[in-house]
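Some notes on the structure that comes next.
Just so it is clear, the values below take in all heavy atoms, side chains as well, and ignore hydrogens, waters and symmetry mates. All chains are named by letter (A, B, ...) in the order of the sequence lines, taking the proteins before the strands, and each is independently numbered beginning at 1.
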Amino acid sequence: MPERIVVPFGPQHPVLPEPIHLDLVLEDETVVDVVPSIGYIHRGLEKLVTKREYPEFVHVAERICGICSFMHGMAYVQGIEAIMDVEVPDRARYLRTIWAECSRLHSHLLWLGLFADAMGFENLFMRSWQLRESVLDVLEDTTGGRVIQGTCKVGGVRRDIKGEKLSDIQKTLPEFEQQCRDLTDVFLNDESVKYRLGGLGVIGKSEAYDLGAAGPTLRGSGVDWDARCLGYAAYADLDFKPVSHPAGDCYARCAVRLGELFTSIDLINQAVEKMPEGPIDVKVTGAPDGEYFCRVEQPRGEVVHYLKGDGTKHLTRARVRTPTLANIPPLVKMLPGCQLADVPVIVLSIDPCISCTER
Amino acid sequence: MAFLKRSPWLLHYDASSCNGCDIEVLACLTPLYDVERFGIINTGNPKHADILVITGGINELNRDVVENIYEQMPEPKVVVAVGVCAASGGVFRECYNIVGGVDKVIPVDVYVPGCAARPESIIDGIVTALGILEEKRSRMANLTAEKEVARREAEAGS
Amino acid sequence: MTAKEQTIIEIPVTDLLERTRKLHGDGYRLVQIGCTGLAESYEINYSFDKEYRFQNLRITVAPGEEVPSISGIYWGAFVYENEMHDLFGIPVTGMNIDFQGAMIRTGEKHPFSVTRKGEGPCRNA
């Protein structure tokens, strides 16, 4: 039997923009065991609810993560609205949907770029990020922020997108969709990409489900579970199907995210078409008394915001279970058996967002 | 940018930021902003780096990592703190695990404002840092020259 | 907001493993385990989902009381249980992967513990 050695991976590793640490137990080049350890960016922000009043905590919630920022803000305010029984105006629900889908687009394009970088396809990395800039332009134009939008508030949204701008956004979609198709073609049909990703980091359908995987990691194993089907924001009025892929390998997870680009484009289109007129917010008075688990589908999977209030301005507890935390057990099961050189690609295939995970 | 004589390499470390500034630092390297055309390269090795770009307010665990990276970088070196978290801790300044600002741990030369900092301001911050780097370099060169003169005089005297 | 109901069932700690095993047998997926510090005790929510039906089991434990690990039933539960241990100081017994307090390392031990002494864990900056 070959000798076992432990190779530390991270926290400062060229492939990861964020610090995570893995101890990889190797036999020659093959990984046999993995021990993750986190905490390099733990801030302890859940404790801030005792310092910030509940409407102010939205700003902190948005900064749980700079990539899925809008979704965190949205999940938090939806939780508060559910506890306080606030009926959000329709227009606000639709606007939230548009921004949420724009965030998903930019997050997926960001991931595709990083993923291409991890497998050494520099050109594709640059191309994905170039495409991502056009989504950021829309976000900046409509909210004022590129990555942190700050438009969600308890009771609605802070800004409206006026009619003309809405149709401008819609007009840019066909070209954007075509560019996404070109990108998809490379990711899914390029021989070297296929060779690199196919059969790598496989996790079966029942195993992924049993391990509590979330988002594209779950759907990449053939389970078509998507929290958007719960019908929050405007999703109940819009028509869409969760994207899934049966293979359960890195290629499948990549294909799911590429498929979701088009779902998002379609959802934005539908939301613009159906956009109702009316106010964008309602006045909210009082303080939350009660508890609620708010589940929202983020780019990385289902996020759970558990909020509990006791009738004062400060919540008793805000607990965020982020998708990456749920995807760590599947990752630990995926790695054994792979080659050391494939570790970065497999780690990236769950789209790890460490600042979400550690909060 | 005509004055840019050298090709500075930078090292980016995420010291408990929310990711917002990190992706903007990365965005500087991609086609729209493309700082690589100026010869600025993002490296992963502290010993290759001239500029340390730090995001986030430093937490108890990565404090040592930041100190360590800073120590490993060769002189002259400059530190750019990107975003309000790196300047003061930002929204997280009251969190129990946050030290609150990069300057509590290592000396900072340039502060880039913003939450998240925009790529334009990050590039601006790095350009400012280049000026400081040049100053430090010439000061070091002068110091070496003075030492050399003193050594020769001492030799001549003895 | 969301159309589907959320149920919370309060159970004694001794029933935890049995109820969890039953949910596992019924095809539920573990969504999360989350802990809330109350005045003198901890409330732990175990959330499960099956086809968008959201079920929670809730146990209430006193500081220092041991909680059995459900990682024997749901392998992936270890991340939440280690987190519960590291942040709240709740002793969890029988975890499949026990980090011994090293998964989330904080400057201060068990920052969310209800028995911690001194001023609040957030500083007045």
Engaged part of [X] at the chain A interface, taking heavy atoms whose separation is under 4.5 Å:
X: B/Ile23; result: both
X: B/Arg63; result: neither
X: B/Ile58; result: neither

When B/Cys115, B/Cys21, B/Gly57, B/Ala116 are compared by non-hydrogen pairs under 4.5 Å with chain A, the top option |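 Heavy-atom pairs under 4.5 Å are most numerous for B/Cys115.
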So which of A/Arg132, A/Met126, A/Arg127 has the largest heavy-atom pair count under 4.5 angstrom toward chain B?
->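 With the most close heavy-atom pairs to chain B, the winner is A/Met126.
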Taking the side chain as every heavy atom from C-beta outward, state whether A/Leu22 and A/Val347 have any atom pair closer than 4.5 Å.
->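 Heavy-atom side-chain distance check passes, below 4.5 Å.
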Check each atom of A/Ile64 against the heavy atoms of chain B and say whether the ones under 4.5 Å are side chain, backbone, both or neither.
->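 The backbone, not the side chain.
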Atom group of A/Glu140 that falls short of 4.5 Å from chain B, counting heavy atoms =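 Contact with chain B: side chain only.
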Only one of A/Arg63, A/Glu62, A/Gln298 clears side-chain hydrogen bond (donor to acceptor under 3.5 Å, both in side chains) with A/His72; which?
->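 The single option meeting the side-chain hydrogen bond (donor to acceptor under 3.5 Å, both in side chains) with A/His72 is A/Gln298.
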What class does the angle between the rings of B/His48 and B/Trp9 fall in, given that below 30° is parallel, 30 to 60° is tilted and above 60° is perpendicular?
->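 B/His48 and B/Trp9: perpendicular rings.
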What orientation do A/Phe125 and A/Trp129 show, parallel under 30°, tilted 30 to 60°, or perpendicular over 60°?
->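 Rings of A/Phe125 and A/Trp129: perpendicular, over 60°.
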Short N-O contact, B/Glu120 and A/Arg146, less than 4.0 angstrom |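 Salt bridge: no.
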Would you mind checking if B/Glu75 and B/Lys136 are paired as a salt bridge, meaning a charged N to carboxylate O distance below 4.0 Å?
->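 No, this pair does not count.
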